[in-house]
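So that the names make sense, note that chain A is the first sequence line, chain B the second, and so on, each numbered from 1.
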Amino acid sequence: MKITIKDGPSGEVGEGHTVADALQALGVSLGLDILAARVNGTVVDLSMPLHGDAVIEPLRFDSPEGREVYRHSSTHIMAQAVKELFPTAQLTIGPALEDGFYYDFAYERPFTPEDLEKIEQRAREILKRNLTIRRRELSKQEAIEFFKARGEHYKVELIEGFPEGERVSVYSQGDFVDLCRGPHVPSTGHVGALKLLSTAGAYWRGDERNPLLQRIYGTSFPTQAELDTHLARLEEIKRRDHRKVGKDLDLISIHDEIGPGLVLWHPKGAMIRLQIENFWREQHLNAGYELVYSPHVARLDLWKTSGHVDFYRENMFAPMKVEGSDYQLKPMNCPYHIMIYKSHLRSYRDLPLRYGELGTVYRYERTGVLHGLLRVRGFTQDDAHIFCLPDQMEEEVSRVLDFTFYMLRTFGFTEFEVFLSTRPKESVGSDEHWEQATSSLEAAIKKRGVTYRVDQGGGAFYGPKIDIKIRDALGRSWQCSTIQVDFNNPQRFQLHYVGEDGKPHQPIMIHRALLGSIERFVGILIEHYGGAFPTWLAPVQARVMNITDRQRDYVSSVSADLKTAGFRIETDLRNEKIGFKIREAEKAKVPFMLVAGDREVQGKTLSVRRRNGTNVGDLTVSEVITLLRAEAAQPYQYSQPSQGGGLSFPSCA
RNA sequence: GCCCACGUAGCUCAGUCGGUAGAGCACGUCCUUGGUAAGGACGAGGUCACGCGUUCGAUCCGCGUCGUGGGCUCCA
């Protein structure tokens, strides 16, 4: 049979030889780096026998598939260690994750940190044993018998769920045997460095009615150095945690006395937020939006009409009684914007109408899911609703996409992932509507030349949507922006406009949020920048400090001048050494430190130091103003054209 | 909501095998006037999350409540 190595030689290899044989026969040396192979498109074990012509691509740790095999084998090694140390623990499932793995065990008690250490040690020992990993296939019945005999009841349950007649694969290494689809690395020695990270409870099959299992998380890399780099990254993530940085920089707080998920914005946090909001409002006005405000409560009847009471109740705070009728704290802004639309008879000539609001909403989130600023109960959406004619939809979506990329780039994000979510099983609206809306969304994405993925059935019940995820400085992705078409509300609220034909027609409604929620977005920004905000967002842009008391008056007057010039300035006149003041300003992540001693007073200058430690040198006050002005400018200048076109940022992928 | 862990000064944490507590930083006063990441002295600061129980006595033990953290989606 003819075997071809991808991007390499090809040749004849005897029938029934394994992938490993074939690789070797064609001159690929089988080091520990080759973990598995893709054969004619399928990822398989190196020990798999070949029948017929094939194209083979050896897989190493540098490919996503190679990594997955690697981590999957790693979790088996950990499971073997657990079984050796805790024989009564039962195996359940143990998949690879993006940068690690976990395994869930049924065990009578949680694993302690001491257990974890022992398991890790034992797992390392198993690597050293370099046990061969073997694949075997059994019939469904044989597999059930086999795992029953071993007391692995969860495995039995899994196999019982498999289709009749299916062959079941089983992998073994030494005495350890696990039900597994595979593939795996050839031997336990192929895993280089392994580290267990944490334990947690997890429900069998993710359902809280099921028994609680003991999950162990870990990760593995070919070398200790790579593992160390990864662990250092985890440390960095911890160091940048917005909850810690938010406290250290005195930006926000959350108090028991106020309630979980309810955020207080301290002056510095509020200043950052104010900059974001000012920018947001200004840009929305430029982009043809009209800004509106709406109250925090409304009669429950409004939320009945909108369908929230039927479809969203579990996320809403309980209604309150006022003068005998029920009022509801708002979980969304849309019904109010709809009411503004309805306050007039609208003509097709009025459309599109774009109503934007930084609208604060309240949603009941289960206590267990609350998380700092990222998941809260009261938050402000950068919300807008666009009411348009059906044939304006594509253009409107296209403009929103453009606008989104511009906003996100301004805040320092350069990598985006775009998802198009289509009709879910439970949904309202006609097929034609869905089809038309979905294709408009898709056309708008394509027009922007953006790569995207389709999330089949991931749309809201009321319409398809586009979600945009950003990647932060540490490579994590976050969903912020969403653009959703809504068929439901125009129907429920009987929205219409008078068409050219003089007859009423239903407008299309588009919900959109670019930053998502301000709380969440600021949380993400804090972590993205590690608290060191760019000058245009920094709550304090420069701190002016004197070296001795002799410069007090000079520093005060210079500070006043800088404030008059429009900058956010703090003055540090404390009786402390300059080194100490610099240290404090560094810790507060102030972008510029302006120091005045006798020399500077003499020359009417300031010694300018950047947050990163570089010395800019002595500048006059007007030079400082010029410098700060340049530094405090937003990174992109943009004006939304009045009609059509639009500035696009095609490098988003 | 569920499981596990945690809750001690403004912050970070130590401590008490049950006899009402301690450090560093921050804060205040004083000394020091020092040139780019920590000058010194003294001082003030705590209902040990809250409630109930056990006990002669609870910050410590038990139960409950509240809150925080990790997790509960990524298919053998």
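Nucleotide B:rA58 has no partner under the Watson-Crick or G-U criteria, as no pair reaches both atom distances under 3.5 Å. Partner assigned to B:rG34 is none, using Watson-Crick or G-U wobble distances below 3.5 angstrom. Checking B:rG64 for Watson-Crick or G-U wobble geometry (two distances, each under 3.5 Å) identifies B:rC50 as its partner. Nucleotide B:rA41: paired with B:rU29 (Watson-Crick or G-U wobble, both distances less than 3.5 Å). Summarising the base pairing, B:rC72 is matched to B:rG1 through a Watson-Crick or G-U wobble pair whose two defining distances lie under 3.5 Å. Across all strands shown, B:rU12 is found opposite B:rA23 as a Watson-Crick or G-U wobble partner, with both distances under 3.5 Å.
At a cut-off of 3.5 angstrom, the base of B:rU36 holds no donor-acceptor pair with the side chain of A:Asn615. Residue A:Tyr203 places a side-chain atom within donor-acceptor reach of the base of B:rC2, judged by atom type and a 3.5 Å distance cut-off alone. Side chain A:Glu365 to base B:rG1: no donor-acceptor pair is found below 3.5 Å.
In this structure, A:Lys155 reaches the sugar-phosphate backbone alone: every heavy-atom distance under 4.0 Å involves primed, P, OP1 or OP2 atoms, never a base. Counting non-hydrogen atoms under 4.0 angstrom, A:Thr367 reaches a base of the nucleic acid. In this structure, A:Gly259 reaches neither bases nor backbone, as no heavy-atom distance under 4.0 Å exists between it and the strands shown. Across all strands shown, A:Tyr217 has heavy atoms under 4.0 Å from sugar-phosphate atoms exclusively, and none from any base. Within 4.0 Å of A:His371, counting heavy atoms only, lie sugar-phosphate atoms of the nucleic acid but no base atom. The residue A:Leu97 sits close to a base: some heavy atom pair falls under 4.0 Å. Here A:Asp248 lies out of heavy-atom contact (under 4.0 Å) with every strand. Among the atoms of the strands shown, none is found under 4.0 Å from any heavy atom of A:Glu152. Within 4.0 Å of A:Ile547, counting heavy atoms only, lies at least one base atom of the nucleic acid. As judged by a 4.0 angstrom heavy-atom cut-off over every strand, A:Arg550 is placed among residues touching the sugar-phosphate backbone only. Contact annotation for A:Tyr102: backbone-only contact, meaning every heavy-atom pair under 4.0 Å involves sugar-phosphate atoms and none involves a base. Backbone-only engagement by A:Gly579 is indicated by non-hydrogen atom pairs under 4.0 Å involving sugar-phosphate atoms exclusively. A:Glu314 comes within 4.0 angstrom of nothing in the nucleic acid, heavy atoms only. At the heavy-atom level, A:Arg181 lies under 4.0 Å from base atoms of the strands shown.
Ring geometry, A:Tyr103 versus A:His76: the interplanar angle exceeds 60°, so the pair is classed perpendicular (tilted spans 30 to 60°). Taking the six-membered ring for Trp and thresholds of 30 and 60 degrees, A:Phe111 and A:Tyr107 have nearly parallel ring planes, at less than 30 degrees apart. Note on ring orientation: taking the six-membered ring where Trp is involved, the planes of A:Tyr362 and A:Phe317 are perpendicular (angle over 60°, cut-offs 30° and 60°).
Taking side-chain N and O atoms only, A:Thr548 has no distance below 4.0 Å to OP1 or OP2 of B:rG34. Considering only side-chain N and O atoms, A:Arg215 lies under 4.0 angstrom from the phosphate OP1 or OP2 of B:rC72. Note on A:Arg609: a side-chain N or O is less than 4.0 Å away from OP1 or OP2 of B:rA37.
If you check B:rU68, B:rG71, B:rG1 against the side chain of A:Pro260, the one that comes closest is B:rU68. Comparing atom distances between the A:Asp549 side chain and each of B:rU33, B:rG71, B:rG1 picks out B:rU33 as nearest.
Put simply, CD on A:Gln602 is 17 Å from P on B:rG35, counting in whole angstrom units. If you measure from atom CZ of A:Arg239 to atom C1' of B:rU12, you get 16 Å, rounded to the nearest angstrom. The interatomic distance linking A:Lys244 (NZ) with B:rC25 (C1') rounds to 12 Å, in whole Å. Counting to the nearest Å, the P atom of B:rA37 and the CZ atom of A:Arg543 are 15 Å from each other. For the pair A:Trp204 CH2 and B:rC75 P, the interatomic distance rounds to 13 Å; values are reported in whole Å. If you take CD of A:Glu586 and P of B:rC25, they are 20 Å apart, rounded to a whole angstrom. Taking atom CZ of residue A:Phe580 and atom P of nucleotide B:rC27, one finds them 7 Å apart after rounding to whole Å. For the pair A:Glu584 CD and B:rG34 P, the computed distance is 20 Å after rounding to whole Å.
Side chain of A:Lys155 to backbone of A:Thr92: a donor-acceptor contact under 3.5 angstrom is found. In terms of modelled atom types and a separation under 3.5 Å, the side chain of A:Lys581 and the main chain of A:Val544 share no donor-acceptor contact.
Residue A:Ala596 is the one, among A:Ala596 and A:Arg243, whose nearest nucleotide of RNA chain B lies closer to the 5' end (criterion: closest heavy atom). Each of A:Ile582 and A:Lys247 has a nearest nucleotide on RNA chain B; the 5'-most of these lies closest to A:Lys247.
Side-chain contact check for A:Glu600 and A:Gln551: no donor-acceptor pair (N or O, by modelled atom type) lies under 3.5 Å.
When the P atom is compared between B:rG43 and B:rC2, the two are found 50 Å apart, to the nearest whole Å. Using C1' as the reference atom, B:rC3 and B:rU59 are 27 Å apart when rounded to the nearest Å. Taking atom P on both B:rC25 and B:rG39, the two are 11 Å apart, rounded to the nearest angstrom. Comparing B:rU12 with B:rC66, their C1' atoms sit 24 Å apart, to the nearest whole Å. Taking atom P in both B:rA41 and B:rA37, the straight-line distance is 23 Å, to the nearest Å. Distance noted for atom P between B:rA23 and B:rC42: 12 Å (whole Å). Taking atom P in both B:rC75 and B:rU16, one finds a spacing of 45 Å when rounded to whole Å. Spacing of C1' atoms, B:rC13 relative to B:rA21, comes out at 14 Å, to the nearest Å.
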For side chain to side chain donor-acceptor pair (under 3.5 Å), just list the numbers for A:Ser253 and A:His255, CA-CA rounded to whole Å, side-chain angles, deciding distance to a tenth of an Å, and then say yes or no.
CA-CA 7 Å; A:Ser253 60; A:His255 301 260; 2.7 Å; yes
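For the pair A:Arg136 and A:Phe146, the cation-pi test (distance below 6.0 Å, angle within 45°) is passed.
Residue A:Glu137 qualifies as enclosed at atom CD: its count of foreign heavy atoms under 6.0 Å is above 12.
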